[in-house]
Amino acid sequence: RRVHGNGIKLTNKPNSEYINELKLSLSNCVYQICQKSPEDGVEYINQISYFIVSPSRNNSIKALGIGSLTLLCVSDLVDLFTAHEQLAIVIRSLFNTSDPVVMRHLVVWFGVNGVG
């Protein structure tokens, strides 16, 4: 650690808040790509999977991952069964949230799957 001239401590490691903001921004960008051009979104399937299963406390990251996956499934670019298996890993933990972004993406996901 070193102290900058104005008293701000600089470290070599970014803090967890910065990392979460970065993940949120990236997941939002990938979601927008999947929304505008699903064919291009397929290239980010590994990142989408990471957003869904990452141990982040920010459920919006998971929700955007679910939204991206849903968009790819609706466009018939990702197999629905394979996607469902991927989501089964985290879906139970998301049911206990009151985050409206997460709930919206879960409702859309289940609508695509014909549940309801």
Side-chain angles (χ1 to χ4, degrees):
R1 270 187 180 174
R2 58 191 174 123
V3 178
H4 191 26
N6 60 5
I8 298 173
K9 292 181 182 178
L10 301 176
T11 63
N12 293 335
K13 293 183 179 181
N15 64 28
S16 61
E17 183 179 325
Y18 172 78
I19 292 172
N20 277 332
E21 288 297 318
L22 183 61
K23 286 180 187 178
L24 183 59
S25 295
L26 290 172
S27 62
N28 188 38
C29 288
V30 170
Y31 177 77
Q32 289 179 14
I33 291 169
C34 292
Q35 201 172 31
K36 292 178 181 172
S37 181
E39 297 81 18
D40 294 333
V42 172
E43 295 179 30
Y44 299 98
I45 195 69
N46 288 333
Q47 287 85 358
I48 292 168
S49 176
Y50 174 77
F51 296 143
I52 294 170
V53 300
S54 73
S56 173
R57 291 184 179 164
N58 188 336
N59 284 333
S60 294
I61 296 169
K62 293 180 189 304
L64 289 166
I66 293 168
S68 298
L69 188 60
T70 301
L71 291 166
L72 297 179
C73 289
V74 167
S75 300
D76 290 328
L77 297 169
V78 172
D79 178 59
L80 194 61
F81 181 74
T82 304
H84 193 274
E85 286 180 337
Q86 180 69 38
L87 281 178
I89 297 169
V90 294
I91 205 99
R92 284 195 174 137
S93 67
L94 294 175
F95 277 128
N96 295 327
T97 184
S98 60
D99 186 331
V101 175
V102 174
M103 296 309 295
R104 181 174 63 87
H105 286 289
L106 284 174
V107 166
V108 171
W109 170 253
F110 284 117
V112 167
N113 280 292
V115 176

Taking every heavy atom of Cys34 against every heavy atom of Ser68, the minimum-distance pair comes out as SG-CB, 3.9 Å
Interatomic distance, CD1@Ile45 vs CG@Leu77, rounded to 0.5 Å, equals 9.5 Å
Taking C-beta and beyond as the side chain, do Lys62 and Asn59 meet within less than 4.5 Å on heavy atoms?
yes
Taken in chain and number order and not counting sequence neighbours, the residues that satisfy ring-ring contact (aromatic ring centres under 6.0 Å, His included) with Phe51 are none
Distance-only donor-acceptor pairs under 3.5 Å for side chains of residues 25-33, two or more places apart:
{"unit_1": "Ser25", "atom_1": "OG", "unit_2": "Glu21", "atom_2": "O", "d": "3.1"}
{"unit_1": "Ser27", "atom_1": "OG", "unit_2": "Lys23", "atom_2": "O", "d": "3.1"}
{"unit_1": "Ser27", "atom_1": "OG", "unit_2": "Leu24", "atom_2": "O", "d": "2.9"}

The reported gap from CD1 in Ile52 to CG in Leu69 (rounded to nearest 0.5 angstrom) is 4.5 Å
Within-4.5 Å side-chain heavy-atom neighbours: Leu64 and Ile48:
no
